[in-house]
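The block underneath contains the structure these notes are about, expressed in C-alpha cells.
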Amino acid sequence: MTATAQPGDILLAEPRGFCAGVDRAIEIVERALKIHGAPIYVRHEIVHNTYVVNDLKAKGAIFIEDLADVPAGATLVFSAHGVPKAVETEAAARGFRVFDATCPLVTKVHVEVAKLSKEGYQFIMIGHKGHPEVEGTMGQLHEGIFLVEDAEDVATVPVTRPDKLAVVTQTTLSVDDAAEILAAVKERFPLVREPKKQDICYATQNRQDAVKVLAPAVDVVIVVGSPTSSNSNRLRELAERLGTPAYMVDSAEDLKAQWLADRPRVGLTAGASAPDVLVQAVIARLKALGSVSVRHMPGVKETTEFPLPKGLGDKSMAEFAASRS
Ligand code: 2E4
Ligand code: SF4
C-alpha cells in the first residue's frame, strides 16, 4: 500500500487510538460509578493516559497502587493491564466488590500460564521489567517464570526444564523486537513451546502496521500518548527506526512548533489508550501552525468488541435506571 502526501497535509494513521480492551476498561469504571456511586477505587491507572485518568478522577474514581489504601466495603476495579494472583486473593479476602477490567487478551495469557504450569511447564516471559502487565502475568505463578527483556538476556535465563518450557509475551511489545528475542529463545531452547497465536494483540499489531505505512510517507510523525504507555512508546520508536523523526505528546500543548520546521508533511497516530478528543486537539494545533488538510490513510477496520463483566452489562444498567424512576 502506498501513500502520497502533499506539503501541508496531516496524514492520519488507520487504525489509531482506543482499542476494544481500553473501551471496555473505561466503560467498566463509568458504569460502576453510575450503579454503585462514587468513590470507585481503581488499582493502578485504568489505562496509561493522563486525560482518561483525570476525567475519571473528576467523576469520582480514586486511583491507588496498594490495596491497603482501599477502605472496607469499597468497590474496586482492576486496571486493563491485569493483576498478580496475590492481589486478586487479597481483594477477595478483604471482601471488596471487584470488577475486573483486565483486557480479555491479557487474561487469555494468564489462563495459558496457569494451564501449562499445571502440566509442569516453566516459562520465559518476553516483556518490560516493572510494567504492570508483566507483573500481573508473572504474578500468576510463585515460581518458574523468567523475564527476558532482550536477546542478550536469553543467554543467562535460569531455565532448568528446557524440555518443558513455554514462552509468553507482553501484549504491547514491538512486533519486530519480539520476533528477534523469540528467535534467540528458540536457538537456545529448540523445544520451547510458542503460543498458538502470538500474545502481541491485534491492536498492537495493527497500530504498528499502520505506522510502517505512515512513516515513510511523511516528514515527521506525532504520536498521541502518555509517557507511561508502552504501546504508544513503541509507535514513536518504530517511526524513528523507519527514519522519520517522531515525537510523543500527552496533549496538544506539548506539540512544539520547531518539530514542524521544514517538515511540511505530518503523520499523526495515537496509542491504544489515547482518546480521540486529544487527536482532534492536536489536529487543531497543527492547523494553527500551518497544516491545511487532513487525510486518512487506508488501513484495517477493527471490529473487535469485548463483553462487559457480570453486573455492569446493559441489563444491569436498565435495572438500575428502572429502580430510580
Ligand atoms: C492493557 C494491555 O501496556 P501499555 O502501557 O501499552 O498500556 P496502555 O494503558 O497505554 O494501553 C492500554 C493497554 C492496557 C494495553 N494493553
Ligand atoms: Fe487489550 Fe490489546 Fe488493547 Fe491491550 S492493546 S487493552 S491487549 S486489545
Side-chain angles (χ1 to χ4, degrees), residues 13 15-29 42-56 61 63 65 77-84 100-113 125-140 147 149 168-175 177-178 195 197-211 223-238 248-251 269-276 278-279 300-309:
R16 64 181 180 282
F18 278 9
C19 60
V22 167
D23 264 335
R24 174 179 180 269
I26 296 170
E27 190 69 21
I28 286 173
V29 180
V42 184
R43 184 191 177 272
H44 194 72
E45 294 194 337
I46 186 72
V47 296
H48 291 144
N49 187 269
T50 312
Y51 180 96
V52 169
V53 166
N54 287 340
D55 181 55
L56 291 174
F63 292 88
E65 294 296 326
V77 177
F78 295 147
S79 84
H81 316 94
V83 296
D100 188 359
T102 304
C103 176
L105 298 181
V106 173
T107 302
K108 195 179 115 209
V109 180
H110 292 186
V111 169
E112 182 76 355
V113 164
M125 169 150 207
I126 305 175
H128 299 288
K129 194 170 184 191
H131 189 282
E133 184 184 327
V134 168
E135 288 175 352
T137 301
M138 298 207 34
Q140 297 305 302
L147 181 64
E149 290 195 271
V168 292
T169 82
Q170 200 176 328
T171 55
T172 52
L173 297 180
S174 149
V175 173
D177 285 355
K197 203 178 154 290
Q198 64 156 4
D199 297 327
I200 294 177
C201 79
Y202 80 93
T204 300
Q205 176 85 55
N206 289 346
R207 281 153 193 67
Q208 289 179 20
D209 286 348
V211 166
V223 179
V224 184
S226 290
T228 43
S229 168
S230 174
N231 76 88
S232 306
N233 278 291
R234 300 293 80 78
L235 297 178
R236 194 206 63 76
E237 182 183 272
L238 175 57
M248 202 159 83
V249 294
D250 207 1
S251 70
T269 187
S273 45
D276 191 55
L278 297 183
V279 174
V300 175
K301 290 270 172 281
E302 293 177 340
T303 53
T304 304
E305 275 181 44
F306 297 125
L308 288 157

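Residues: numbered from 1 along the sequence shown. Keep in mind that the numbers below use all heavy atoms, side chains included, and drop hydrogens, waters and symmetry copies. All ligand and atom numbering here is 1-based and tracks the order in the structure. Keep in mind that this is a model prediction, so the values were computed, not measured.
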Presence of salt bridge, R234 and E237, under 4.0 angstrom = yes
With a 4.5 Å heavy-atom cut-off, do H48 and S79 have their side chains touching?
-> no
Would you tell me whether T171 and E133 have side-chain atoms, one donor and one acceptor, within less than 3.5 Å of each other?
-> yes
Between C103 and ligand 1, which residue portion shows a heavy-atom distance shorter than 4.0 Å: side chain, backbone, both, or neither?
-> neither
Please report the closest heavy-atom contact between V279 and A270, naming both atoms and the distance.
-> CG2-CB, 3.7 Å
Ranking E133, Q170, H131 by closest non-hydrogen atom to atom 4 (P) of ligand 1, top hit is H131
Would you mind finding which of G127, S230, G271 brings a heavy atom closest to atom 5 (O) of ligand 1?
-> S230
Quick one: does N231 get an N or O within less than 3.5 Å of an N or O on ligand 1?
-> yes
Are any side-chain N or O atoms of R16 and backbone N or O atoms of R207, one a donor and one an acceptor, separated by less than 3.5 Å?
-> no
Nearest heavy atoms of N231 and S273, plus distance in Å = ND2-OG, 4.3 Å
Between N49 and E45: side-chain donor-acceptor atoms closer than 3.5 Å | no
Any idea which atoms of ligand 1 are less than 4.0 Å away from a heavy-atom of V47?
-> 9 (O)
For the residue pair D250 and P227, what are the closest heavy atoms and their distance?
-> OD2-CD, 3.8 Å
Could you check atom 12 (C) of ligand 1 against the protein and tell me its nearest heavy-atom contact, residue, atom and distance included?
-> V22 CG2, 3.4 Å
Protein contact of atom 15 (C) of ligand 1 - nearest heavy atom, named by residue and atom, plus distance | T172 CG2, 3.6 Å
Between N49 and ligand 1, which residue portion shows a heavy-atom distance shorter than 4.0 Å: side chain, backbone, both, or neither?
-> neither
Per-atom contacts, ligand 1 versus A80 - under 4.0 Å to a heavy atom | 1 (C), 14 (C)
Atom indices of ligand 1 within 4.0 angstrom of T228 heavy atoms, with elements | 5 (O)
Would you name the heavy atoms of P15 and T269 that are closest together and state the gap between them?
-> O-OG1, 4.5 Å
Is the shortest N/O to N/O distance between S232 and ligand 1 below 3.5 Å?
-> no
Would you tell me whether T102 and T107 have side-chain atoms, one donor and one acceptor, within less than 3.5 Å of each other?
-> no
Quick one: closest heavy-atom pair of E135 and P84, and the distance?
-> O-CG, 3.7 Å
Shortest protein heavy-atom distance from atom 9 (O) of ligand 1, along with the residue and atom involved = H48 N, 2.6 Å
Heavy-atom side-chain proximity of V134 to L147 below 4.5 angstrom = yes
Just the protein N/O/S atoms under 2.8 Å from atom 1 (Fe) of ligand 2, please, no waters.
-> C103 SG
Taking only non-hydrogen atoms of Y202 and a 4.0 Å limit, the atoms of ligand 2 in range are 8 (S)
Could you check atom 14 (C) of ligand 1 against the protein and tell me its nearest heavy-atom contact, residue, atom and distance included?
-> H81 CD2, 3.4 Å
What pairs with Q140 under side-chain contact (heavy atoms from CB on, under 4.5 Å), at least two apart in sequence or on another chain?
-> K85, H110, V113
Sub-4.0 Å atoms of ligand 1 with respect to non-hydrogen atoms of T171 = 2 (C), 16 (N)
